[in-house]
Every structure is written in C-alpha cells, then in structure tokens.
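FYI, side chains are in, hydrogens and waters are out, and symmetry mates aren't considered; it's all heavy atoms of this structure. Just so it is clear, the structure is predicted and the values come from calculations on it, not from any experiment.
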Amino acid sequence: STFPGFCGVHERLFEGFERRKAIQTDGELNLQIFRTLSREIRRKTFDLDRLDRLVADLKARLNADVAREAARLKVGLSSFSYEGTNLDGAEAYLAEGRQVLADLHALHAAHWPAVAGTGATGLEGDAFQVNLAFPVALSGMASVTVQGTQRLWLMGVIPQAQGTLIFLVGGPGSQAG
C-alpha cells in the first residue's frame, strides 16, 4: 500500500497514519487514495515507455533485416508492413495503455482538490473498516466492465491496527449500475 516515489518532504505526509497503523480521517484516506493513484500513474508510465522503446527497437531491427534481405536478393524495396505480426498486438496494447494513463490523469485531476485542501474530491466510491485483520495489503487499479461500460477503479485493502480498511473509488458515475 506504499509507494516510494515521493521525495522525502512529501513522503512525510503519510507518516501520521503509518506510525499509528490506522487511517482515521477523510484527509488521511484521501492521501492514501492519492498515493495509490500516483503509484498507478508511475507504473503505467514506466510500462508504456518501456514497451514503446522495445517496439521501436524491434521495428528498427526488422526494417534493417528486410532491407538487408532485399539488397541480398537485389530487389527494390519501397515499403514494408508490420500487419499480421505481434507488433499489431503490442501497438494495440500501447494505445489501450495510453487511454488508461489518460484516465488515471483524469482521476488525479478530479482528486487533487482533496489532497491540496482546496476542495472535495471528484471521485466517487466507498471506504469501510472491517474488524477482521486481512493478512494481505493490496492497492492498485482495476478496469472493469459494468453493464457494457468500462470503468476504472482504484482500490485498496489496507491492514490497520484494529482491522482492515477497504476502499473502492472511481471517477464520476463509475459506481452506478
């Protein structure tokens, strides 16, 4: 449930509830949701950047191989298509991933007022505490389809000193249905 991606100054924002081992206020819950969101944005950005570099490298190597083979065969080469290759799947995944990243940034913008103290969160959802200690901590995102509509949710299962906090939040309208 933690994300070591903040500088030391901003990491201290989480010290209070981490030391107490309990999220007790809406403000603390908003911080934990923000940390979950920040982690997902960073993870998705890293994954997309890495895949984008790998696809570009593979395309460059394929182009060079095809050009060498065309030269060896003494055949003119005017164009080369990647259709029907695994690159199609990688490029489709990149396009989908870029949309998810844009959706995560939209969630960030909707939630930022609650973190900055300038307003309420624009996210919808619920959080509740159960008096049962779950032996696992989970924090992340889920993309689900509800009644034919795809929705992006942030979720957390956070062990507390006295039980487990569970939250599920998403953008406006994401909880309907």
Side-chain angles (χ1 to χ4, degrees), residues 1-14 29-73 75-116 121-125 136-158 167-177:
S1 65
T2 63
F3 167 61
F6 296 109
C7 69
V9 170
H10 289 99
E11 188 62 35
R12 284 193 283 280
L13 293 171
F14 311 103
L29 177 61
N30 284 330
L31 284 172
Q32 181 59 43
I33 291 168
F34 177 72
R35 178 161 50 186
T36 300
L37 183 54
S38 297
R39 178 185 165 274
E40 290 304 313
I41 289 172
R42 177 64 190 115
R43 183 187 62 79
K44 183 58 84 175
T45 300
F46 176 84
D47 290 349
L48 290 173
D49 287 349
R50 185 163 186 252
L51 183 56
D52 202 29
R53 286 191 309 272
L54 289 170
V55 167
D57 180 59
L58 183 55
K59 283 181 177 181
R61 287 189 287 142
L62 282 170
N63 284 335
D65 289 348
V66 168
R68 270 194 304 279
E69 186 63 12
R72 184 185 74 75
L73 296 171
V75 178
L77 178 65
S78 61
S79 67
F80 175 67
S81 173
Y82 302 102
E83 292 174 26
T85 68
N86 287 339
L87 286 172
D88 290 341
E91 289 181 344
Y93 179 82
L94 280 167
E96 181 182 320
R98 286 184 187 108
Q99 181 58 56
V100 169
L101 185 58
D103 292 345
L104 286 167
H105 280 289
L107 293 177
H108 180 278
H111 190 57
W112 180 249
V115 176
T121 182
L123 303 182
E124 295 178 356
V136 63
L138 301 171
S139 186
M141 70 172 202
S143 181
V144 297
T145 302
V146 177
Q147 296 180 343
T149 303
Q150 189 164 357
R151 300 174 188 187
L152 185 65
W153 291 337
L154 297 172
M155 58 189 164
V157 177
I158 314 295
F167 68 83
L168 179 66
V169 297
S174 67
Q175 305 297 307

[Y] and [X], any side-chain heavy atoms less than 4.5 Å apart:
X: L62; Y: L87; answer: yes
X: L123; Y: F167; answer: no
X: H111; Y: V115; answer: yes

Straight-line distance of [X] [atom1] to [Y] [atom2], nearest 0.5 Å:
X: L104; Y: Q99; atom1: CG; atom2: CD; answer: 10.0 Å
X: L138; Y: T36; atom1: CG; atom2: OG1; answer: 10.5 Å
X: I158; Y: Q32; atom1: CD1; atom2: CD; answer: 4.5 Å
X: L29; Y: I33; atom1: CG; atom2: CD1; answer: 4.0 Å

Nearest heavy-atom neighbours spanning [X] and [Y]:
X: E40; Y: S139; value: OE2-O, 4.2 Å
X: G171; Y: L107; value: N-CD2, 3.3 Å
X: A142; Y: M155; value: CB-CE, 3.6 Å
X: A67; Y: L77; value: CA-CD2, 4.1 Å
X: L31; Y: F14; value: O-CE2, 3.5 Å
X: L101; Y: I41; value: CD1-O, 3.8 Å

query = Between R39 and L154, does a side-chain contact (heavy atoms from CB on, under 4.5 Å) hold up when you go through it step by step?
reply = CA-CA 11 Å; R39 178 185 165 274; L154 297 172; over 6 Å; no
Residues two or more places apart in sequence or in another chain: which of them pass side-chain hydrogen bond (donor to acceptor under 3.5 Å, both in side chains) with [X]?
X: S143; value: Q150
X: R50; value: none
X: D57; value: R61

Pair D47 + R43: basic N to acidic O under 4.0 Å =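 Looking at D47 and R43, the cut-off is met.
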task = Would you please test V146 and W153 for side-chain contact (heavy atoms from CB on, under 4.5 Å) and show each step?
result = CA-CA 12 Å; V146 177; W153 291 337; 4.1 Å; yes
inquiry  = By the salt bridge (Lys or Arg N to Asp or Glu O under 4.0 Å) test, which pairs, at least two apart or in different chains, include something from residues 88-97?
reply    =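 Residue pairs with at least one partner in residues 88-97: K59-E91.
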query = With sequence neighbours left out, what residues match H108 under ring-ring contact (aromatic ring centres under 6.0 Å, His included)?
reply =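 Listed in chain order: F34, W112.
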message = Which residue in the set D103, V100, D49 passes side chain to side chain contact (heavy atoms under 4.5 Å, CB included) when paired with K44?
response =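 Answer after filtering D103, V100, D49: V100.
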task = Sequence neighbours left out, what passes side-chain contact (heavy atoms from CB on, under 4.5 Å) with D65? Give chain and number order.
result =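 With sequence neighbours excluded, D65 shows a side-chain contact (heavy atoms from CB on, under 4.5 Å) to R68, given in chain and number order.
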